[in-house]
Amino acid sequence: MADTTASDPRARLLEHFKGRENQPSAWDDLWKGEDFLPWDRLTPNPALVDILGDRTDLIGSPVDGERRKRALVPGCGKGYDCVLLASYGYDAYGLEVSENAIDKAKEWQRDHEKEYEVKDEAIGRGLVKFVNGDFFKSDWEKDVPGL
């Protein structure tokens, strides 16, 4: 019987996490290698692109009075969605359990942020901050103001 693990991303992920108690470490190992990231589409989520561009009636303005709205992106990966949100004026906090992913997100932001033009000069670009932490714990919340 042929090994389908190499050709089936789901099977490969299941095998990678099999028997591993430390899930954050397992995710970090995947980001460290960066040769197998089947969830990484190299671009912001198309649904987020659509809602920010075409459906402001659903989400409103990125500012509320004089206060800039904040967005939390759990499992932000390389931070594509965070950079997109910031271009619309939101302060975007990318939460990631993998330090290696955060390093890659900072690098991607540095190399590509200028490709995401500010959508409204009066509002300006929002902040992008990448936070290391496990969404299911609360130790990261200190790094996101106002929670």
Side-chain angles (χ1 to χ4, degrees), residues 7-18 20-147:
S7 62
D8 180 3
R10 287 175 287 187
R12 188 170 169 190
L13 280 172
L14 285 170
E15 186 63 30
H16 177 78
F17 285 96
K18 186 177 179 179
R20 294 186 71 164
E21 298 277 330
N22 187 340
Q23 296 289 311
S25 173
W27 284 110
D28 200 49
D29 287 346
L30 288 170
W31 280 104
K32 191 182 311 176
E34 202 178 3
D35 61 334
F36 179 65
L37 304 172
W39 59 86
D40 187 0
R41 301 291 182 228
L42 307 174
T43 187
N45 182 309
L48 182 60
V49 171
D50 288 346
I51 200 166
L52 289 170
D54 300 331
R55 294 305 309 264
T56 55
D57 59 309
L58 295 175
I59 58 174
S61 171
V63 294
D64 186 10
E66 292 186 25
R67 183 174 172 215
R68 193 178 294 272
K69 290 181 181 174
R70 290 164 296 176
L72 177 67
V73 182
C76 69
K78 287 187 184 172
Y80 312 119
D81 292 347
C82 295
V83 172
L84 176 69
L85 284 158
S87 74
Y88 278 87
Y90 294 89
D91 284 344
Y93 295 86
L95 179 62
E96 184 55 65
V97 72
S98 166
E99 259 316 319
N100 282 296
I102 288 177
D103 291 343
K104 303 221 185 292
K106 289 176 180 177
E107 179 182 335
W108 190 88
Q109 178 191 11
R110 184 184 64 243
D111 294 345
H112 297 277
E113 185 173 54
K114 289 186 175 126
E115 297 167 22
Y116 292 81
E117 295 177 10
V118 171
K119 303 304 180 202
D120 185 336
E121 289 295 333
I123 294 171
R125 186 179 302 277
L127 164 84
V128 174
K129 182 176 181 182
F130 298 108
V131 177
N132 182 238
D134 183 337
F135 179 78
F136 298 103
K137 297 181 180 174
S138 60
D139 56 337
W140 56 269
E141 292 176 1
K142 67 186 177 320
D143 296 321
V144 181
L147 279 182

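For clarity, every value in this text was computed on a predicted model and none was experimentally measured.
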What is the distance from atom [atom1] of [X] to atom [atom2] of [Y], rounded to the nearest 0.5 Å?
{"X": "Cys82", "Y": "Leu127", "atom1": "SG", "atom2": "CG", "answer": "10.0 Å"}
{"X": "Leu37", "Y": "Lys78", "atom1": "CG", "atom2": "NZ", "answer": "6.5 Å"}
{"X": "Asp81", "Y": "Leu52", "atom1": "CG", "atom2": "CG", "answer": "9.0 Å"}
{"X": "Phe130", "Y": "Gln109", "atom1": "CZ", "atom2": "CD", "answer": "5.0 Å"}
{"X": "Lys106", "Y": "Glu113", "atom1": "NZ", "atom2": "CD", "answer": "13.5 Å"}
{"X": "Glu141", "Y": "Leu95", "atom1": "CD", "atom2": "CG", "answer": "9.5 Å"}

Task: Pair Asp91 + Arg68: basic N to acidic O under 4.0 Å - done: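 A salt bridge links Asp91 with Arg68.
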Task: Asp57 and Arg55 ion-paired at < 4.0 Å - done: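 Salt bridge: yes.
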Any side-chain heavy atom of [X] sitting closer than 4.5 Å to one from [Y]?
{"X": "Phe36", "Y": "Arg12", "answer": "yes"}
{"X": "Pro38", "Y": "Leu13", "answer": "yes"}
{"X": "Trp108", "Y": "Asp103", "answer": "no"}
{"X": "Tyr90", "Y": "Val128", "answer": "no"}

- [ ] Could you tell me how the ring of Trp27 sits relative to the ring of Trp39: parallel (under 30°), tilted (30 to 60°) or perpendicular (over 60°)?
- [x] perpendicular
- [ ] Check salt bridge (Lys or Arg N to Asp or Glu O under 4.0 Å) between Asp29 and all other residues, then give those that pass, not counting sequence neighbours.
- [x] Arg20, Lys32
Donor-acceptor pair, side chain of [X] and main chain of [Y], under 3.5 angstrom:
{"X": "Lys69", "Y": "Ile59", "result": "yes"}
{"X": "Asn22", "Y": "Ser25", "result": "yes"}
{"X": "Arg125", "Y": "Tyr116", "result": "yes"}
{"X": "Glu96", "Y": "Asn132", "result": "no"}
{"X": "Lys129", "Y": "Asp143", "result": "yes"}
{"X": "Asp134", "Y": "Val97", "result": "no"}

- [ ] Please determine, by modelled atom types, if Asn100 and Asp28 share a side-chain donor-acceptor pair under 3.5 angstrom.
- [x]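 A pair is found: one side chain offers a donor N or O, the other an acceptor, under 3.5 Å apart.
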Open item on the list: Can you confirm whether the side chains of Tyr88 and Asp120 place a donor and an acceptor under 3.5 Å from each other?
Closed with: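 Judged by distance alone, the side chains do not pair up.
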- [ ] Please report the C-alpha distance between Leu48 and Leu85 in whole Å, then the side-chain angles of each, then the deciding distance to 0.1 Å, and finally whether the side chain to side chain contact (heavy atoms under 4.5 Å, CB included) criterion is met.
- [x] CA-CA 9 Å; Leu48 182 60; Leu85 284 158; 4.1 Å; yes
- [ ] Mind listing the closest non-hydrogen atom pair of Val49 and Pro44 along with its distance?
- [x] CG2-CB, 4.0 Å
- [ ] Could you tell me which residues satisfy ring-ring contact (aromatic ring centres under 6.0 Å, His included) with Tyr93, sequence neighbours excluded, listed by chain and number?
- [x] none
Open item on the list: As a quick check of understanding, evaluate side chain to side chain donor-acceptor pair (under 3.5 Å) for Asp40 and Tyr80, giving each step before the final call.
Closed with: CA-CA 10 Å; Asp40 187 0; Tyr80 312 119; 2.7 Å; yes
- [ ] Inspect the surroundings of NZ in Lys142 and state if more than 12 heavy atoms from other residues, nucleotides or ligands are less than 6.0 Å away.
- [x]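 Yes, NZ of Lys142 has more than 12 neighbouring heavy atoms, counting only those of other groups under 6.0 Å.
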Open item on the list: Could you check whether atom CD of Glu117 has more than 12 heavy atoms from other residues, nucleotides or ligands sitting under 6.0 Å from it?
Closed with: no
